[in-house]
2 protein chains.
Amino acid sequence: MAKNDNSVNIENAKAAEGERYHHGDLRSALVEEGLKRLQQGPAEALSLREVARSVGVSATAVYRHFPDKQALLHALADVAGDRMASAFETAMAAAKPGKDAFDAMGRAYVHFALKNPFLFKLMMSPEMMSGIAAEGRPRTRGMAMLTSALSELSGGKMSSEVQNIRRLQAWSIVHGLAMLMLDGLVPADEKLIDDVLASKIV
Amino acid sequence: MAKNDNSVNIENAKAAEGERYHHGDLRSALVEEGLKRLQQGPAEALSLREVARSVGVSATAVYRHFPDKQALLHALADVAGDRMASAFETAMAAAKPGKDAFDAMGRAYVHFALKNPFLFKLMMSPEMMSGIAAEGRPRTRGMAMLTSALSELSGGKMSSEVQNIRRLQAWSIVHGLAMLMLDGLVPADEKLIDDVLASKIV
DNA sequence: TTCGCCATGTTAGCACCGTAAACATAGACG
DNA sequence: CGTCTATGTTTACGGTGCTAACATGGCGAA
């Protein structure tokens, strides 16, 4: 067993979770803990000190792995983007091509948002998405999938400008519905989602 | 001049803006200052102490007029709601009835959001809108106007359920577009707004 | 007018936050 | 074995929202 696939075996990571001075894989643990908290509350309510405490490490240890709080949030947004992309993939796979797939994407979008409200909101926040820093980062993977899928699906017989507008219309209605439901302005009713998305434009 | 209309003349309010112990109209001043700051930054970045400092009063004076920070934010959201309602009124007045008025509402919605991004976001946030506490409050006036106008406009020859769905579709697309542009995910282009809203459903 | 109430301010102090600086530990590698 | 360096720790600073206790001063009743 010379060099088999024990790829990341930095001193056995979390095995023997004693009180070693060096954690083993703090960065992952912090992200994990962050994700757990984003299942229960908004990113604004996420405190570095609290996360560190939960992981069992001093508050400032976080700074060995993230230059500041924003950086941790960016990492979490990246995970969110990946998860959203996965959701899209399975949604697309389960639907047959054409308009069916199109609707599937829309529903997947809203469902992802409703099932991961805080993760979704974090990912969509200007701080995460804006700026060239976000270009090509994992957190944009979901968005990239969405737009490219919409491009394919929304019919190729239109000029690219019209196509672009159709795409934006689709994105708007889906995003708007998700936001309205997320913010409690509209009841997050399953049937309502179907009804609203069923007869949508495009 | 027995009892003429000097309605609110509490020691001349802001006349002689000296360093009197009692401010005269602190509450209004705080709201004013809050609004000023919401023109330049998000509600999350609004600090009570800073607002108090700007108004020239101690940090804790705020608590004589608002039980906590949320309360001040609620007051600001109320102003936002009123302003949005006004925007709708003028938009409706300028448009002739029918589909024209309908489009006018949509554009007014997006424009209001883009011109008052932080106020809009504050107003729409769950903390402001959710709960029965918000029912009938000024901050919901904009929303109320919107939905009632949409009801009237979206044609009366549909069942109320279908009507409801149409209304929600309209709201979704308009809200979604506003949010995407607000969050920088889509360029806030004037022409783009027209294009997206022009051929919308309903 | 004088007294005292009380709305409206104040200062002091608490617990929390993000973060910088300096120090401690221990694994890796010469 | 010795030292370098990645990764932890403690300490400290200035900021926050908020509570408690005290100060001011305008207004109505005695």
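This is a predicted model, so every value here is computed, not measured. Here is how names work: the chains are called A, B, and so on, in the same order as the sequence lines, proteins then strands, and each is numbered from 1.
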Could you tell me whether B:R37 and B:E33 make a salt bridge, using a distance below 4.0 angstrom between a side-chain N and a carboxylate O?
yes
Discussion item. Using only modelled atom types and a 3.5 angstrom limit, is any donor from either the side chain of B:T60 or the base of D:dT19 paired with an acceptor on the other?
Written reply: no
One should read off an interatomic distance between B:N116 CG and B:H111 NE2, to the nearest 0.5 angstrom, of 12.0 Å
Separation of C:dC17 atom C1' from B:L48 atom CG, nearest Å, is 15 Å
query = Are side-chain heavy atoms of A:S125 and B:D183 found at a separation under 4.5 Å?
reply = no
Here the distance between atom C1' of D:dG17 and atom OH of B:Y63, to the nearest Å, is 4 Å
Of A:E161, A:R166, A:R167, the one forming a side-chain hydrogen bond (donor to acceptor under 3.5 Å, both in side chains) with A:N164 is A:R167
note: B:R27, atom CZ; C:dA7, atom P; distance rounded to Å ~ 16 Å
Donor-acceptor contacts under 3.5 Å from residues 84-96 of chain B side chains, at least two apart:
{"residue": "B:S86", "atom": "OG", "partner": "B:D82", "partner atom": "O", "Å": "3.1"}
{"residue": "B:T90", "atom": "OG1", "partner": "B:A87", "partner atom": "O", "Å": "3.1"}
{"residue": "B:K96", "atom": "NZ", "partner": "B:D100", "partner atom": "OD2", "Å": "3.3"}

Quiz question: going by heavy-atom distance under 3.5 Å, is there a donor-acceptor pair between the base of D:dG15 and the side chain of B:R49? no
When all nucleic acid strands are considered with a 4.0 Å heavy-atom cut-off, which category describes A:S47: base, sugar-phosphate, or nothing?
sugar-phosphate
Measuring only between side-chain heavy atoms, which start at C-beta, is A:F66 closer than 4.5 Å to A:L48? no
Students should find that the end-to-end axis angle of the helix from C:dT1-D:dA30 to C:dG30-D:dC1, with five pairs defining each axis and rounding to 10 degrees, is 10°
Taken to the nearest whole Å, CD/A:E44 to P/D:dG17 is 15 Å
message: Using a 4.0 Å heavy-atom cut-off, does B:L46 contact any base of the nucleic acid, only the sugar-phosphate backbone, or nothing at all?
response: sugar-phosphate
Between A:K69 and B:G56, the residue closer to the 5' end of DNA chain C by nearest nucleotide is B:G56
Rounded to whole Å, the CZ-P distance (A:R64 to C:dA24) equals 14 Å
Rounded to the nearest 0.5 Å, the CD1 atom of B:I193 sits from the CG atom of B:L114 at a distance of 5.0 Å
The residue, A:E50 or A:P67, whose nearest nucleotide of DNA chain C is more 5′ is A:E50
Do the side-chain N or O atoms of A:H65 get closer than 4.0 angstrom to the phosphate oxygens (OP1, OP2) of D:dG8?
yes
Atom CZ of B:R53 and atom C1' of C:dT10 are separated, to the nearest Å, by 16 Å
B:L26 CG to C:dG9 P, in whole Å, measures 4 Å
